[in-house]
Amino acid sequence: MPSEQTTVITASRRRWAVIVAAGVVVVVAALSLVAGVAGQARAEANIFGSPTPTVAAASDDAPVEVGVRFTSTRDGWVTGLRFYKGTGNTGPHLGTLWDGGGSPLTRVEFTRESSTGWQEATFAEPVPVHRGHSYVASYFAPRGHYASDAGALADPHTSGALSVPAGGGVFRYGSGGFPTASFEDTNYYVDVRFRPAAPGETVPEGHPRAANPSAPAGSASTPTPAAPDPITVPPSDTGATLALPRVPWEGGPAYWKQFSKADAAGWDDPTFFPIVSWFGNFSTDEEVVYDKSLGINTYSGMWDGTPYRLFADNGVFWIGGQLNDGFTADSGNWVGQFLDDEVDGRFTPADGHKHLQGLVDALPDDGRFRYANFTQMVIARDLPQEAARQYVNGYTDVVSVDMYWYSIPFCDQTPYRDVYLTPVAQETCRTASSYGATMNSLRAQDAADGELQPLWQWVENLNGGPPDAAPESYLTPGQLTGAVMNSIINEARGIAYFNQSLSGTCQSSNVFRQSQVTPGFCGNAQVAAVKSVNAQIHSLAPVLNTQSYEYTFGPKLDTMVKTYAGSAYIFAMVDGSAGPGKRTFTLPPGVDGTNVEVLGEDRSLAVDGKGRFTDTFAEEFSYHIYRVPLTAEAGSE
């Protein structure tokens, strides 16, 4: 990371430095005494004291989250954050305390700052911390010019109960989020206020989060998504509908009834939504249970020694061939056959079609559906359209495309080639809306033969690029959730996670598994985002498994509307070409209510006399889900 001594490093290399250190393992921390509390000699401590850094303000003016990794040898409470401010390091400054896995425990905005020197902010409530656990304290510097002493953390730093490991200064360029990279053992002079527990005093287990740990309005910080608030929907639909045309679909849960294995396995249940891990190898019950906690219920592409028992005993599903003798014709959790991956990118059209037809001809009629994944070639104009449509329509019962817009080099190519059926402009290429454009293009190809099948979307859970891809191309947690939700909004009937990271320094052959077994894994924040968005998908499955309506709520919006149990559900994001900001929604006839409930966010919005409400989308990948009652006059089916 650049400092006054490293100003020759370019912006491109700075981004490289962010990723190069992304695999650094989490740490241990230290503090010094400050004040008494609660009538007894429990002193508050900090890590670094109050020195003046050698480089008080780096020349780098890029927005960046800077912080420090630490642990304590004593239980206690972190009561607030500190950082050294130099000239040019103007705010607003948002501080965050994170657990070692990248989940925000609480946040605080620094107010009444002095022009330079040490700044302090106190949390609304002290946060319990426990000995031996790793934490990160950080703040977002929207205009850079952070304190930066290279080499100052070449050795571990200990003060009292707290310690910082060598290289424990961390950062993350961009719009903020969990900092994981390090550069030349730099100290960024971010600190905590720590109050150790008195002898015999009990510090609560766990890490109670602030009521709303997200950034205040107007902040540039983009926090790692925390676990979503619970979303509940009624157990059954009332059948009330809107007088609007419907979006064409394949039939929803009823589609799976034509395949005896999927039907018997419960895929026709309205509460089921397929979420797939590609290359999600497991070998124990504990590993499957962990994956299920992330919301994964289906697998494709696995080690051929995987015992069938692990699928059956844990209620998860396999799409693929017969891995071993444990898989038989009667294996109920083996629901589908995976034909092949990216045939369109590996064969000429004639050879590719011949290859797929041969695979189909060799399969028994065993009640299992057929699934294939293709490259972006089938939704582009370079491939002859007849050949592209034959790939999509000729061999499968379920189809998907992998195009990892956030993390592959494509969006940066010069000249840029927008060759897709649904246009994707270069200036909005790396946005969540591009994943929705993929779904729209695939739907256009699928509809060409007049018969529809479920369309699934592949999303990278860390990086989707080839081994030689640019190392800065890791999607953020917010981008991940946005990519998934924009796919859903554009009618994806399933989500498949590309569970490998093959480029840069945060590499893994199984991202989910590594997050389970490797403390401080550089992809933990993204896996936490997977868990968050999957939880929302599963809780809303009965709604998602209904047929959508055709309706436009207003300009610069990307929306989906459904009805369920007497309410309209509106899934909304910004149009990628328009950027974030405020949007006004006009409700359709038949949707009533003076307030709109924002699901999972513990808030509601007022509806004006013209049936309109307004909300803000902080980032291009931000999304909101609204619930509003239908009128008593709404129809029924």
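Two residues are said to be in side-chain contact when any heavy atoms from C-beta on lie closer than 4.5 Å; V628 and L587 meet this criterion. Annotation: side chain of V276 is not in contact with side chain of I296 (no heavy-atom distance under 4.5 Å). Between Q526 and S501, the closest side-chain pair of non-hydrogen atoms is not below 4.5 Å. L475 is not listed as a side-chain neighbour of N463, based on a closest heavy-atom distance of 4.5 Å or more.
Between the side chain of S434 and the backbone N or O of T428 there is at least one donor-acceptor pair closer than 3.5 Å. Using modelled atom types, no side-chain atom of N545 and backbone atom of P253 make a donor-acceptor pair closer than 3.5 Å. Without hydrogens or angle criteria, D592 side chain to P629 main chain gives no donor-acceptor distance under 3.5 Å. The main-chain N or O of F259 is never found under 3.5 Å from a side-chain atom of D263 such that the two would form a donor-acceptor pair. The main-chain N or O of A387 is never found under 3.5 Å from a side-chain atom of Q390 such that the two would form a donor-acceptor pair. Judged by distance alone, with hydrogens and angles left aside, the side-chain atoms of Q453 form no donor-acceptor pair with the main-chain N or O of E451 at under 3.5 Å.
Sorted by first and then second residue, the ring-ring contact (aromatic ring centres under 6.0 Å, His included) pairs involving residues 475-495 (not counting sequence neighbours) form an empty list. The ring-ring contact (aromatic ring centres under 6.0 Å, His included) analysis of residues 553-604, with sequence neighbours excluded, yields the pairs Y551-F553, F585-F613, F585-Y626.
Note on D575 versus K556: no salt bridge recorded, every NZ/NE/NH1/NH2 to OD/OE distance being 4.0 Å or above. A salt bridge between E491 and R443 is absent, with no side-chain N of the basic residue lying under 4.0 Å from a carboxylate O of the acidic one.
In this structure, F338 and W278 have tilted ring planes: the angle between them lies in the 30° to 60° band. Ring orientation note: the planes of Y420 and F410 are nearly perpendicular, at an angle over 60° on the 30°/60° scale. Ring pair Y371/W456 is tilted by interplanar angle, where 30° to 60° counts as tilted. Using bins of under 30°, 30° to 60° and over 60° for the plane-to-plane angle, the ring pair W267/W256 lands in the perpendicular bin.
With 3.5 Å as the limit, one finds no donor-acceptor pair spanning the side chains of Y497 and Q457.
Screening I319, N281, V288 for a side-chain contact (heavy atoms from CB on, under 4.5 Å) with Y299, the sole residue that qualifies is V288. Across F311, W334, F272, a single residue satisfies ring-ring contact (aromatic ring centres under 6.0 Å, His included) together with F317, and that is F272. Remark: of the listed residues D608, D615, T614, T614 is the sole one forming a side chain to side chain donor-acceptor pair (under 3.5 Å) with T584.
Atom CG in D402 sits 6.0 Å away from atom CG in D341 (nearest 0.5 Å). In this structure, CH2 in W98 is found 8.5 Å from OG in S103, a value given to the nearest 0.5 Å. Atom CE of M439 sits about 8.5 Å away from atom CZ of R493, to the nearest 0.5 Å.
Nearest heavy-atom pair across Y435 and W405 is OH-N, 3.2 Å. The minimum heavy-atom distance between A578 and R583, with the atom names listed, is CB-NH2, 3.5 Å.
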Using the side-chain contact (heavy atoms from CB on, under 4.5 Å) rule, take Q500 and V511 through it: C-alpha gap first, then chi angles, then the decisive distance, then the call. CA-CA 6 Å; Q500 297 176 298; V511 173; 5.6 Å; no
Should D446 and L452 be marked as a side-chain contact (heavy atoms from CB on, under 4.5 Å) after you check the CA-CA gap, both sets of side-chain angles, and the distance that decides it? CA-CA 6 Å; D446 181 50; L452 300 181; 3.5 Å; yes
side-chain contact (heavy atoms from CB on, under 4.5 Å) assessment of V343 paired with H353: CA-CA 8 Å; V343 170; H353 294 309; over 6 Å; no
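More than 12 non-hydrogen atoms from other residues, nucleotides or ligands lie less than 6.0 angstrom from CZ of R603.
For D558, the side chain to side chain contact (heavy atoms under 4.5 Å, CB included) partners at least two apart in sequence or on another chain are N486, I489, N490.
Figure legend: cation-pi geometry between R430 and Y406 absent, as NZ or CZ is not positioned both under 6.0 Å from the six-membered ring centre and within 45° of its axis.
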